[in-house]
Amino acid sequence: MMDVRAERCLRLALKRREKLADLSDEAFHELELAVRENPDAFVDDDEERAFALLEQALSRYADARADDDLLDDDEYAEARAKALGRLREACERACAVSPACVDARVCGLLAQDLDGDALLDALLALEGELDDERGPIATPATGDAWTDVFNRPRLRLRAHVARTCVDGARYRMAADECRGLLTASPLDAVGARYTYALCMARLEDEEGLDWLDARFSRHGNAWLHLARTILLYKVGRAPAARRALRGYDRLCPGGAYALLQPTLMDVYVPDRPAFVPGSFDEAVLAVHEADPVIADVPDFAAWAAAQPGFLASAKDYARRNGLDWLDPEGAR
């Protein structure tokens, strides 16, 4: 999850250090503390003025959406449209101050609530424009582009492109984007590995999924466990798929519930929501992002519900956590 204020303060501190030159590490630390105390006092170019406007806009957007769970469907739709409209207008104002503020441009596109194809076209156009203007994302001496805070907006943009490709069933394009992200940023702060796992499931590329698992030391996550289960089911390896499903249920708290009772998620603004690794929130996000893949395998959820213990696990999680339960179609 993008920490807008932290990034803004780091950007301002780095730009001021460049102007001052030859600051010791101790002096730079003092500078960082001063910037965090009053970032507005250190804004001296249009791009950072635009970033300040974006920070304010995203804060207002989050506040406006804080009580969405309390609204009925009509109230939710109205509140959502108003919040997105205000965010879009605020992003337009930020971009008028400085078109170089990539995050404001991306958030402005997301706030337009475009359909999948239109959003993808707009994101790709912006990505192409930035590549033409600025060249490839620069990889610093650390070997990971994320460590340079000024690279992060473009990395987030590419992550949005990859997820939007998945939403539109463009899995090979999404996989290519994810591989590029993993090359530029091996530590993968934007979570390209999650999207890549879903692509490998849909493309039935077990070798690619194994490579990804090994690439991240087989630590696993809800996306990878779910992707492996889907892949094995798709290729007809039923015993292995059942074992993978049991692993997904065991390793992902609430994963059975998340799969059988998928949660409606809104557009990611500014990026994927924060989650604790190994949490129920992680499983909810993985199932949400896997929805286009699962939709291409329409009997997958029913098959999972029919496996011994899986439906009972989902119901038990709902009971223990006070969650609503609606029996899936065909459940016994």
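- In this structure a side-chain-to-backbone donor-acceptor pair under 3.5 Å is missing from Tyr317 to Ala256.
- In this structure a side-chain-to-backbone donor-acceptor pair under 3.5 Å is missing from Ser313 to Gly309.
- What you find for Pro270 and His160 is that their closest heavy atoms are O-NE2, 2.6 Å.
- Remark: the backbone N or O of Gly116 is not paired with any side-chain donor or acceptor of Asp167 at under 3.5 angstrom.
- Smallest separation of non-hydrogen atoms from Leu119 and Thr164: CD2-OG1, 4.0 Å.
- One hydrophobic cluster holds both Met265 and Leu260 under the rule that ILVMFWY side chains link at heavy-atom gaps under 4.5 Å.
- Judged purely by atom type and a 3.5 angstrom limit, Asp115 uses its side chain to pair as donor or acceptor with the backbone of Ala118.
- Distance alone, capped at 3.5 Å, places no donor-acceptor pair between the Arg218 side chain and the Asp213 backbone.
- Hydrophobic clustering (ILVMFWY, side-chain heavy atoms < 4.5 Å, transitive): Leu33 and Leu12 are in distinct clusters.
- Rounding to the nearest 0.5 Å places CZ of Phe150 at 14.5 Å from CD1 of Ile137.
- Looking only at distances, no side-chain donor or acceptor of Glu55 sits under 3.5 Å from a matching main-chain atom of Phe51.
- Taking the side chain as every heavy atom from C-beta outward, Trp223 and Thr195 never approach each other to under 4.5 Å.
- Here side chain to side chain donor-acceptor pair (under 3.5 Å) pairs that include residues 269-288, with residues two or more places apart or in two chains, are Arg272-Glu289.
- Taking 4.5 Å as the limit, every side-chain heavy atom of Asp324 sits out of range of all side-chain heavy atoms of Gln261.
- In this structure, Ser98 and Glu47 approach most closely via the heavy-atom pair OG-CA, 3.5 Å.
- Clustering ILVMFWY residues whenever any of their side-chain heavy atoms sit less than 4.5 angstrom apart, transitively, puts Leu155 in a cluster other than the one holding Leu182.
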Decide side-chain contact (heavy atoms from CB on, under 4.5 Å) for Val149 and Arg152; before the verdict, give the C-alpha distance in whole Å, the side-chain angles of both, and the deciding distance to 0.1 Å. CA-CA 5 Å; Val149 69; Arg152 294 180 188 180; 4.0 Å; yes
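- The CG atom of Leu54 sits 5.0 Å away from atom SG of Cys107, with the distance rounded to the nearest 0.5 Å.
- Across all their heavy atoms, Cys178 and Ala162 have their closest contact at SG-CB, 3.8 Å.
- Remark: Tyr61 pairs with no residue by the ring pair (Phe, Tyr, Trp, His ring centres under 6.0 Å) rule, at least two apart or across chains.
- Seen from the ring of Phe42, Arg16 does not count as a face-on cation partner, given the 6.0 Å and 45° thresholds.
- Sorted by first then second residue, the side chain to side chain donor-acceptor pair (under 3.5 Å) pairs that include residues 81-93, not counting sequence neighbours, are Glu78-Lys82.
- Every residue was checked against the ring pair (Phe, Tyr, Trp, His ring centres under 6.0 Å) condition with Phe310, not counting sequence neighbours, and none meets it.
- Counting heavy atoms from C-beta outward, Val35 and Glu32 have side chains that stay 4.5 Å or more apart.
- Leu31 places a side-chain heavy atom less than 4.5 Å from the side chain of Phe28.
- Leu311 contributes atom CG, which lies 11.0 Å from atom CG of Asp316 (distance to the nearest 0.5 angstrom).
- By the 30° and 60° cut-offs, the orientation of the rings of Trp211 relative to Tyr196 is perpendicular.
- The backbone N or O of His219 sits nowhere less than 3.5 Å from a side-chain atom of Ser217 that would complete a donor-acceptor pair.
- Of all heavy-atom pairs between Leu259 and Ala304, the closest is CD2-CB, 3.9 Å.
- Evaluation of the salt bridge (Lys or Arg N to Asp or Glu O under 4.0 Å) test over residues 134-143, restricted to residues two or more places apart or in two chains, returns none.
- Residues Asp210 and Met200 are not in side-chain contact: their nearest non-hydrogen atoms beyond the backbone lie 4.5 Å or more apart.
- Proximity of Pro292 to Asp296: side-chain heavy atoms (C-beta onward) are nowhere separated by under 4.5 Å.
- Enclosure of atom CD in Glu207 is not indicated, since only 12 or fewer non-hydrogen atoms of other residues, nucleotides or ligands lie within 6.0 angstrom.
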Verdict with supporting geometry, Asp144 and Asp188, side-chain contact (heavy atoms from CB on, under 4.5 Å): CA-CA 9 Å; Asp144 194 296; Asp188 192 30; over 6 Å; no
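- Taking each heavy atom of Leu232 and Ala244 in turn, the nearest pair found is CD1-CB, 3.9 Å.
- The environment of CG in Asp25 is sparse: at most 12 heavy-atom neighbours from other residues, nucleotides or ligands sit within 6.0 Å.
- Using a 4.5 Å heavy-atom cutoff, the side chains of Arg8 and Asp103 are not in contact.
- Residues Arg246 and Arg242 form a side-chain contact, since some pair of their non-hydrogen atoms from C-beta on lies under 4.5 Å apart.
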Give the C-alpha distance, both sets of side-chain angles, the deciding distance and a yes or no for side-chain contact (heavy atoms from CB on, under 4.5 Å) between Arg5 and Arg36. CA-CA 9 Å; Arg5 185 171 184 82; Arg36 290 172 197 162; over 6 Å; no
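- Val102 and Leu110 fall within the same hydrophobic cluster, where Ile, Leu, Val, Met, Phe, Trp and Tyr residues are linked whenever their side-chain heavy atoms come under 4.5 Å apart, directly or through other members.
- Residues satisfying the side-chain hydrogen bond (donor to acceptor under 3.5 Å, both in side chains) test with Glu7, not counting sequence neighbours, are Arg156.
- Not one N or O on the side chain of Glu48 forms a donor-acceptor pair closer than 3.5 Å with the backbone of Asp45.
- Atom CG of Asp205 and atom CG of Leu209 lie 8.0 Å apart (nearest 0.5 Å).
- A distance of 14.5 Å separates CZ of Arg172 from CZ of Arg170, quoted to the nearest 0.5 Å.
- Both tests pass for Arg193 against the ring of Phe216: distance under 6.0 Å to the centre and angle within 45° of the axis.
- The number of heavy-atom neighbours closer than 6.0 Å to CG of Asp72, taken from other residues, nucleotides and ligands shown, is above 12.
- Within the model, atoms OH of Tyr257 and CG of Leu323 stand 4.5 Å from one another, a figure rounded to the nearest 0.5 Å.
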Verify side-chain contact (heavy atoms from CB on, under 4.5 Å) between Val293 and Tyr171, making sure each step is shown before the conclusion. CA-CA 9 Å; Val293 181; Tyr171 299 106; 3.8 Å; yes
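- Checking side-chain atoms of Arg215 against main-chain N and O of Pro186 turns up a donor-acceptor pair under 3.5 Å.
- A single hydrophobic cluster is not seen to contain both Met2 and Tyr268; linkage of ILVMFWY side chains at heavy-atom distances under 4.5 Å, directly or through other members, places them apart.
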